[in-house]
Participant: 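Before anything else, here's the structure in question.
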Amino acid sequence: MNFTTRHPLSCFLIVVLCFTFAKAQSQPNILLIIADDLGVDPLRGYHDREMMAITPTLDSLRANGITFENTFGTPKCTPSRATIMSGLHGIKTGVQGTPGNLDLQYTSLFKAVEDNTNNAYADAAIGKWHISQPVSNDHPLDHGADYYMGFMGSGPEDYYEWTKTEDGGNSTETTYVTTQFTDASLDWIDNQTKPWLLYLAHAAPHTPYHVPPAGTYSIENTTGNARKYIAMIESMDYSINRLLQSMEPEVLANTVIIFIGDNGTPGPQLQDYPEGHGKSTLYQGGIRVPMIISGAGVTRKGERESALVNATDLYATIIEIAGAELPGGVNNSLSFKHLLSDDQGSERDFNYVDFVTNDLEGWASRDDQYKLITYDDGREEFYDLLQDSLEFNDLLLTTLDAEQVAIKDKLSQESIIRRDGWSCTDQIQNGDESGIDCGGSNCAPCTSSTSTIDKTTGITVYPNPATAYIEVNSANSRIKRIDIYTESGKLILSKTPENPLQTNINVQG
C-alpha cells in the first residue's frame with residue numbers, strides 16, 4: 001500500500017481493509033428556494049423592527065436548522081442567479097448585471113449534479129429564470145433541467161395575469177404567481193421516482209406589488225407598497241409551508257431545504273440601512289442576503305453560522321450534498337456542506353462579489369472584519385463591519401492605522417487576483433492548480449512525501465505528515481473505510497469508498 005501525502009498535517013490516519021463494505025445511504029432530495037428582492041432587513045432572525053414579515057415557516061426552518069449571517073449575493077437578480085447556476089463570479093461568465101446571458105459553455109448546476117452522480121437525480125426549474133438574453137424559452141432545458149415552468153424575464157407583468165413559459169411555449173396564466181409555482185412544484189415532486197433537485201425561484205416579493213390572495217398573509221392595511229411588500233413575503237412563506245406539508249412524510253424527511261434571497265431589498269422598501277445602500281449597490285444592504293438551511297443531513301439545530309459564504313458556494317455544496325466529493329469546491333464555489341453538521345472543513349478567508357450597472361463596474365471584497373468597495377473609475381470605500389455593520393462611516397475619510405492599510409491592500413490584491421485569474425487562498429483547487437491552492441502556474445508548489453506500508457488488515461499511521469491531501473493507492477486489498485483523527489483523537493473525516501477495489505482514493509482532510 002502506497003501513501004502519497006501533500007502538505008504537513010497534525011493528524012493520524014487509520015485505514016481499515018476487509019472484504020465487505022457498508023451500504024451507502026440513499027441520496028437526499030434537494031429543494032433550493034430563491035426569493036426575489038429579499039434582503040435581510042425585512043426578516044425576523046436578522047433585523048428587529050416594528051414592521052417585519054411574519055414568517056412562521058422560515059422561523060421553523062431556522063429553529064430546526066442554520067441561519068447564515070454573512071452570505072453575499074450580488075446586487076441584482078440576474079448575476080446572482082448566474083453565480084448559483086454556474087459556481088462562477090460574474091467576471092468569469094460576463095453576467096455582471098441585468099440583462100445577462102449564462103452561456104451554454106458553462107456547466108450548469110443541473111448538469112454538474114448529473115455528471116457527478118451518474119444521472120442519479122431528476123431536476124427541474126420552476127419560477128423565475130432571467131439568465132437568458134436574448135430570451136430562449138428552451139434555455140433552462142438546454143442547461144440540463146428535465147422540466148421548466150415559469151417566466152423568463154425579470155418579473156411577472158401582473159401577479160394575477162402573467163406570461164407562463166412551459167414546454168418551450170407561452171400562455172397567459174391567471175393563477176397568482178406564487179400559488180402557481182407551488183402547485184407546479186407539488187405536481188412535479190409527486191411524479192418523481194428517484195432523488196431530485198428542484199430549483200424553485202419565486203417571483204415574490206419583486207415588483208409589481210400586488211396584494212396576495214386572502215388568508216395567505218397577516219399584515220393589515222395593504223394600501224401602500226411597503227405593506228404590500230411585507231404581505232408578499234408572508235404569502236410566499238405560506239406557500240412554502242403548503243409545499244412542505246403536502247410532501248409525503250418520508251420524502252420531506254429525506255429533503256434538504258435551502259432558502260436564500262437573491263439580492264438586497266429595493267431602495268423604497270429598505271429598512272435600517274442608509275438611503276441608497278440597498279439593491280443595485282455594493283453596500284451590505286445590496287449584497288448581504290438571508291440564507292437558511294434545514295432538513296436531511298442538517299444536524300445543527302437552531303444555530304447561527306458566521307462563516308463567510310457566497311451565493312456561488314451553493315453550486316459546490318449542492319454537488320456534495322448529492323454525493324460527489326470535490327477538492328474543496330469547484331470554479332469559484334467553495335463547498336460549505338461540512339457546516340451543516342459539525343464536520344471539519346475549509347472556510348473562506350475572503351468574500352468577493354462584482355457588479356456592473358449604468359456602465360460602471362464595481363467589486364467588493366471583505367475579510368471577517370473589513371470590507372473594501374472599488375469602482376473602475378478609481379473610487380474606493382472602506383468599512384469596519386464589526387463596528388459599523390450598516391456602513392455609515394467610510395474609513396477612507398479618516399486616517400487609517402498601519403494594520404488597516406495592510407488589510408486594505410490585501411483585500412485589493414485579492415480582488416485583482418480573483419478577477420484576473422484564480423486565487424491561491426480560496427481553499428479550492430481551480431485553474432491549473434495540482435492541489436488545493438498549490439501547484440500550477442500561479443501558486444506555490446505542492447510539497448509531498450511518500451511512504452509505503454505492507455499490511456493487509458488495519459493500518460494506523462501516526463503522526464501523518466499531511467494537511468489537505470492524502471492519496472491512498474491499494475492494488476491488492478479491499479478498503480472498507482478511511483478515518484482521519486486529530487492528535488487529540490477527534491474524528492475529522494470518515495470516508496467509505498464507493499468501490500472497495502478502487503486503486504486510487506483521494507481523501508480531503
Side-chain angles (χ1 to χ4, degrees), residues 34-55 58 67-81 97-98 128 130 154-155 159 202-212 217-237 259-292 311 351 353-358 360 362-364 366 371 373 375 381 383-394:
I34 304 174
D36 199 355
D37 277 9
L38 179 63
V40 296
D41 47 304
L43 287 185
R44 296 188 300 186
Y46 287 99
H47 284 220
D48 184 16
R49 293 183 57 87
E50 181 179 349
M51 194 169 73
M52 305 291 288
I54 305 302
T55 54
L58 295 182
T67 299
F68 288 80
E69 297 180 333
N70 291 311
T71 303
F72 266 13
T74 66
K76 291 191 79 173
C77 47
T78 297
S80 266
R81 291 156 204 275
T98 302
K128 175 174 176 173
H130 206 211
S154 62
Y159 271 71
H202 276 298
H206 191 284
T207 55
Y209 299 129
H210 289 148
V211 179
Y217 62 93
S218 64
I219 190 171
E220 298 178 353
N221 183 18
T222 54
T223 54
N225 282 342
R227 300 183 77 84
K228 288 177 183 176
Y229 178 80
I230 296 296
M232 293 166 75
I233 297 171
E234 294 181 344
S235 182
M236 177 177 60
D237 184 85
F259 175 87
I260 189 172
D262 64 346
N263 51 248
T265 301
Q269 317 312 331
L270 191 68
Q271 304 182 62
D272 292 340
Y273 292 99
E275 184 177 355
H277 279 217
K279 176 184 175 180
S280 301
T281 76
L282 288 163
Y283 298 110
Q284 291 295 90
I287 62 177
R288 184 183 173 217
V289 296
M291 185 168 73
I292 302 166
N351 215 344
V353 63
D354 51 55
F355 182 58
V356 174
T357 184
N358 298 324
L360 177 67
W363 52 95
R366 68 161 295 183
K371 175 181 170 185
I373 301 175
Y375 300 98
E381 298 178 37
Y383 295 95
D384 182 343
L385 295 180
L386 294 185
Q387 301 298 323
D388 180 28
S389 64
L390 301 181
E391 295 168 311
F392 282 99
N393 304 305
D394 180 3

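Side chains are part of it too, since the values below use all heavy atoms of this structure and drop only hydrogens, waters and symmetry mates.
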Participant: Is a side-chain donor or acceptor of Thr78 paired with a backbone partner of Thr98 at a separation under 3.5 angstrom?
Facilitator: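 Pair absent, no side-chain N/O of Thr78 close to backbone of Thr98.
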Participant: Could you tell me whether the side chain of Thr265 and the main chain of Gly39 form a donor-acceptor pair under 3.5 Å?
Facilitator: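 Yes, Thr265 side chain to Gly39 backbone: donor-acceptor pair under 3.5 Å.
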Participant: So, for Ile373 and Ala364, which heavy atoms are closest and what is the spacing to 0.1 Å?
Facilitator: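 So the two residues come closest at CG1-CB, 4.2 Å.
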Participant: Is the distance from the ring center of His47 to that of Tyr273 below 6.0 Å?
Facilitator: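 Yes, they do, as the ring centres are separated by less than 6.0 Å.
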Participant: To the nearest 0.5 Å, how far apart are NZ in Lys371 and OG in Ser389?
Facilitator: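 The distance works out to 11.0 Å.
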Participant: CG of Asp48: more than 12 outside heavy atoms within 6.0 angstrom?
Facilitator: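 No, CG of Asp48 has 12 or fewer neighbouring heavy atoms, counting only those of other groups under 6.0 Å.
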Participant: Would you check, one step at a time, whether the test side chain to side chain contact (heavy atoms under 4.5 Å, CB included) holds for Glu391 with Glu381?
Facilitator: CA-CA 10 Å; Glu391 295 168 311; Glu381 298 178 37; over 6 Å; no
Participant: Side chains of Ser154 and His130: any donor to acceptor distance under 3.5 Å?
Facilitator: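 Result is no, nothing qualifies.
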Participant: Side chains of Phe68 and Ile260: does their closest heavy-atom pair fall under 4.5 Å?
Facilitator: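 SC-SC contact between Phe68 and Ile260 ruled out.
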Participant: Is Ile230 close to Tyr209 at the side-chain level, that is, under 4.5 Å between some pair of heavy atoms?
Facilitator: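 A side-chain contact is absent here, since even the closest heavy-atom pair is not under 4.5 Å.
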Participant: What are the two closest heavy atoms between Ala35 and Met236, and how far apart are they?
Facilitator: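 Of all heavy-atom pairs spanning Ala35 and Met236, the closest is CB-CE, 3.6 Å.
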Participant: Taking all non-hydrogen atoms of both residues into account, name the closest pair between Pro212 and Ala231 and its distance.
Facilitator: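 Where Pro212 meets Ala231 most closely, the heavy atoms are CG-O, 3.6 Å.
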Participant: Using side chain to side chain contact (heavy atoms under 4.5 Å, CB included), reason through Asp36 and Arg81 one step at a time and then give a plain yes or no.
Facilitator: CA-CA 10 Å; Asp36 199 355; Arg81 291 156 204 275; 3.4 Å; yes
Participant: Heavy atoms, side chains only, cut-off 4.5 Å: are Val211 and Tyr159 in contact?
Facilitator: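 No, side chains not in contact.
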Participant: Tell me the closest heavy-atom pair linking Gly73 and Ala311, and the distance in Å.
Facilitator: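 Heavy atoms only, the tightest pair is CA-CB, 4.2 Å.
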Participant: Within the distance-only criterion (no hydrogens, no angle test), does the side chain of Thr281 pair as donor or acceptor with the backbone N or O of Gly278 below 3.5 angstrom?
Facilitator: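 Yes, the answer is positive, given that a donor and an acceptor are paired below the 3.5 Å cut-off.
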Participant: Heavy-atom distance under 4.5 Å between the side chains of Thr222 and Tyr217, does that happen here?
Facilitator: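 Thr222 reaches Tyr217 side chain to side chain.
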Participant: Glu234 side chain to Ile219 main-chain N or O, any donor-acceptor pair under 3.5 Å?
Facilitator: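 Checked: pair present.
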Participant: Determine yes or no for a side-chain-to-main-chain donor-acceptor pair under 3.5 angstrom, with Asp354 supplying the side chain and Trp363 the backbone.
Facilitator: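 Here the side-chain-to-backbone pair does not exist.
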Participant: With no hydrogens and no angle check, is any side-chain donor or acceptor of Arg288 less than 3.5 Å from a backbone partner on Glu69?
Facilitator: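 Judged by distance alone, yes, a pair lies under 3.5 Å.
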Participant: When rounded to the nearest 0.5 angstrom, what distance separates OH in Tyr46 from CE in Met52?
Facilitator: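 Rounded to the nearest 0.5 Å, the OH-CE separation comes to 11.0 Å.
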Participant: Just verifying a value: how many Å separate Leu270 CG and Lys279 NZ, rounded to the nearest 0.5 Å?
Facilitator: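 Output value for this atom pair is 12.0 Å.
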Participant: With heavy-atom distances below 4.5 Å as the criterion, would you say the side chains of Asn225 and Pro268 are in contact?
Facilitator: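 No, too far: nothing below the 4.5 Å cut-off.
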Participant: Does a side-chain heavy-atom distance below 4.5 Å link His206 with Met232?
Facilitator: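 No. Closest side-chain heavy atoms not under 4.5 Å.
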Participant: Looking at Asp37 and Pro205, what are the two nearest heavy atoms and their distance?
Facilitator: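 Closest heavy-atom pair between Asp37 and Pro205: O-CG, 3.9 Å.
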Participant: Sub-3.5 Å donor-acceptor pair from the side chain of Asp384 to the main-chain atoms of Asp388, do we have one?
Facilitator: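 Not at all, since once roles are kept as given, no pair shorter than 3.5 Å links the two residues.
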Participant: NZ of Lys228 to OG1 of Thr223: how many Å apart, nearest 0.5 Å?
Facilitator: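 Going from the NZ atom of Lys228 to the OG1 atom of Thr223 covers 7.5 Å.
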Participant: Can you tell me how far CD1 of Ile34 sits from CG of Asp262, rounded to the nearest 0.5 angstrom?
Facilitator: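 The distance works out to 7.0 Å.
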Participant: Are Asn351 and Asn70 packed together at the side-chain level, in the sense that at least one heavy-atom pair is separated by less than 4.5 angstrom?
Facilitator: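 Side-chain contact under 4.5 Å: no.
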Participant: For the residue pair Tyr375 and Gly362, what are the closest heavy atoms and their distance?
Facilitator: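 Looks like CD2-CA, 3.9 Å.
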Participant: To the nearest 0.5 angstrom, please state how far the CG atom of Leu38 sits from the CG atom of Leu43.
Facilitator: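 Output value for this atom pair is 4.5 Å.
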Participant: Between the main-chain N or O of Gln271 and the side-chain N or O of Asp41, is there a donor-acceptor pair closer than 3.5 Å?
Facilitator: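 Flag set: sc Asp41 to bb Gln271 pair under 3.5 Å.
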Participant: In the structure I gave you, are the side-chain heavy atoms of Arg366 and Tyr383 within less than 4.5 Å of one another anywhere?
Facilitator: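 In short, these two side chains do not touch, never coming nearer than 4.5 Å.
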